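Shown next, in structure tokens, is the structure this report addresses.
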2 protein chains.
Amino acid sequence: MSPSNPSQTRKTPRQRRSAETVEAILTAAAHILEKEGFEAATTNRVAVKAGVSIGSLYQYFPNKESLVRALNDRHTQEILELLQRRFAEIRDAPLEVCVRAIVQAMVDVHRVNPALHRVLVNIVPGIGGLAETKALEDAAAALLTQFLKARKTELRPLDPELSAFMLVHAVEALTHAAVLEHPELLKGETFVEEASRMILGYLRPSALDHLGT
Amino acid sequence: MSPSNPSQTRKTPRQRRSAETVEAILTAAAHILEKEGFEAATTNRVAVKAGVSIGSLYQYFPNKESLVRALNDRHTQEILELLQRRFAEIRDAPLEVCVRAIVQAMVDVHRVNPALHRVLVNIVPGIGGLAETKALEDAAAALLTQFLKARKTELRPLDPELSAFMLVHAVEALTHAAVLEHPELLKGETFVEEASRMILGYLRPSALDHLGT
DNA sequence: GGAAGATGTGAGTAAAAGCTCACATTATTT
DNA sequence: AAATAATGTGAGCTTTTACTCACATCTTCC
């Protein structure tokens with residue numbers, strides 16, 4: 001347990017051979033987690049599936065948690081980069097276009113690896129897994145807050161932080177649910193339309209403005 | 001609940017003494033699950049905390065899963081009854097009032113026992129825990145579908161099943177997130193206002209109606 | 001070629017978890 | 001009171017899991 005080692009790996013691979021070993025371990029762990037969940041992903045099974053010995057696994061990951069965490073870090077990073085890219089792309093587009101693009105980005109994010117995403121989000125062994133996911137949500141909320149501030153004139157009066165919080169969680173949950181329960185919705189444009197409508201209805205000025213602060 | 005629970009409990013308690021034992025076991029399990037999560041809730045610990053022997057636990061619950069499932073069933077039933085009651089109460093109220101009442105009901109549901117709710121929703125040991133939760137979501141969606149059909153004239157043209165699906169998941173996630181990350185939001189009316197706005201913006205006719213099919 | 005370090009191996013260990021069973025105690029019935 | 005049924009007990013069995021360690025094998029570089 002060296003706190004100075006951010007990636008939680010025991011040894012840093014110095015040769016290509018060992019880098020491939022680490023890669024094989026991560027890939028195998030991801031496959032088992034996806035298909036059979038957290039319980040089934042025992043370190044021994046991961047090692048067998050990766051085609052390496054259990055000893056090799058423990059050469060690079062001091063414990064099971066660090067292995068799952070490494071996977072989660074990588075996954076989180078991918079998602080965040082995709083979101084950042086999309087937000088940058090739409091900076092000057094009309095509001096409706098932006099909203100759809102953001103929703104589409106969320107869908108894309110989840111379609112990359114829905115099963116793994118689900119497992120990582122729901123691990124909850126103590127506080128470990130949750131913290132990283134919360135960090136991702138916070139990062140997404142920060143991107144969205146920035147966007148809302150930039151578009152202030154097109155929106156009803158609102159608290160950007162609060163609205164970003166509401167939207168991140170709503171869209172995240174909708175995408176999750178759609179991926180898991182109605183994947184066919186995601187093939188066409190129905191889902192993006194519906195989610196966009198919800199977001200725009202929430203953000204735009206409307207006859208309901210006597211409700212707000 | 002009703003003692004007719006053939007698949008869950010191994011034996012049906014016939015004396016008050018054993019009914020109390022079962023109650024103690026369920027209560028202890030709930031407390032441990034709430035405070036320390038699924039992993040920490042070992043059958044032995046539950047038995048100790050309940051003040052009964054491990055043998056007694058296995059007299060009424062054939063395995064750990066059935067114990068958690070019994071807790072989940074009870075919790076689900078409570079939630080469903082509360083929701084049904086609220087839906088019945090608001091049958092004739094104006095739309096805005098209804099929406100707020102429904103959101104408030106969701107908040108109330110989660111405030112009864114937020115930690116337990118969270119754990120039960122996220123258990124995911126295979127498919128067991130998920131099925132019950134899905135059933136609850138489906139029941140909630142059915143109630144909402146019925147409501148949307150009854151209020152057709154006040155709403156934009158929409159697919160009641162689809163809209164109910166979207167709303168159930170959005171509101172569920174928002175309430176979860178609020179309970180866990182911003183409990184202070186729930187003290188005032190801010191959260192209910194915001195969520196209601198989102199829902200009404202989604203359901204009502206608006207300038208965006210060229211979007212939909 | 002060979003020393004030194006990096007990498008790989010897998011049988012084995014210790015701990016922990018789920019669960020059983022032979023028996024003890026308490027309640028109900030006859 | 002005795003018989004029967006219901007309920008309660010907990011030491012310990014079985015299985016599984018994370019993890020170690022003594023050793024073997026590759027890579028690098030002189």
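What you are looking at is a predicted structure, and each value in this text was computed from that prediction instead of being measured. Chain naming here is simple, since letters A, B, ... match the order of the sequence lines and numbering starts at 1 in each.
Side-chain contact between B/Leu144 and B/Val168 is present, with at least one heavy-atom pair separated by less than 4.5 Å.
Whole-Å rounding puts the B/Leu57 CG to D/dT7 C1' distance at 14 Å. In this structure, A/Gln59 atom CD and D/dA24 atom C1' are separated by 13 Å, rounded to whole Å. Protein atom CZ of A/Arg45 is 9 Å distant from nucleotide atom P of D/dT17, rounded to whole Å. The NZ atom of A/Lys64 sits 15 Å away from the P atom of D/dT20 (whole-angstrom rounding). If you measure from atom CG of A/Asn63 to atom C1' of D/dC19, you get 10 Å, rounded to the nearest angstrom.
Between A/Tyr58 and D/dC19 there is a side-chain polar atom (N or O) within less than 4.0 angstrom of OP1 or OP2. Under 4.0 angstrom from either OP1 or OP2 of D/dG8 there lies at least one side-chain N or O belonging to B/Thr21. At D/dT17, none of the side-chain N or O atoms of A/Thr42 fall inside 4.0 Å of OP1 or OP2 (strictly under the cut-off).
With the nearest nucleotide of DNA chain D identified for both B/Gln15 and B/Asn44, B/Gln15 has the one nearer the 5' end. Two residues, A/Ser18 and B/Thr43, neighbour DNA chain C, and the one matched to the more 5' nucleotide by heavy-atom proximity is A/Ser18.
Only A/Val52, A/Ser53, A/Ile54, A/Gly55, A/Ser56, listed by number, bring a heavy atom of residues 46-56 of chain A to less than 4.0 angstrom from any atom of DNA chain C.
For A/Pro160, the side-chain contact (heavy atoms from CB on, under 4.5 Å) partners are A/Thr145, A/Leu148, A/Lys149, A/Leu158, not counting sequence neighbours. A/Asp159 pairs by the salt bridge (charged side-chain N to carboxylate O under 4.0 Å, His left out) definition with nothing, not counting sequence neighbours. Legend: residues meeting side chain to side chain donor-acceptor pair (under 3.5 Å) with B/Thr21, ordered by chain and number and at least two apart, are absent.
Within the structure, ring pair (Phe, Tyr, Trp, His ring centres under 6.0 Å) contacts touching residues 67-88 of chain B (residues at least two apart or in different chains) are B/His75-B/His117. Within the structure, no pair that satisfies the salt bridge (charged side-chain N to carboxylate O under 4.0 Å, His left out) test touches residues 166-176 of chain B, not counting sequence neighbours. A salt bridge (charged side-chain N to carboxylate O under 4.0 Å, His left out) check over residues 175-189 of chain B, counting only residues at least two apart or in different chains, returns nothing. Within the structure, salt bridge (charged side-chain N to carboxylate O under 4.0 Å, His left out) contacts touching residues 48-62 of chain B (residues at least two apart or in different chains) do not occur.
Where DNA chain C meets chain B (any atom under 4.0 Å from a heavy atom), the bounding nucleotides read 5' to 3' are C/dA17 to C/dT28.
Checked for salt-bridge contact, A/Arg45 and A/Glu39 miss the test: no charged N lies under 4.0 Å from a carboxylate O.
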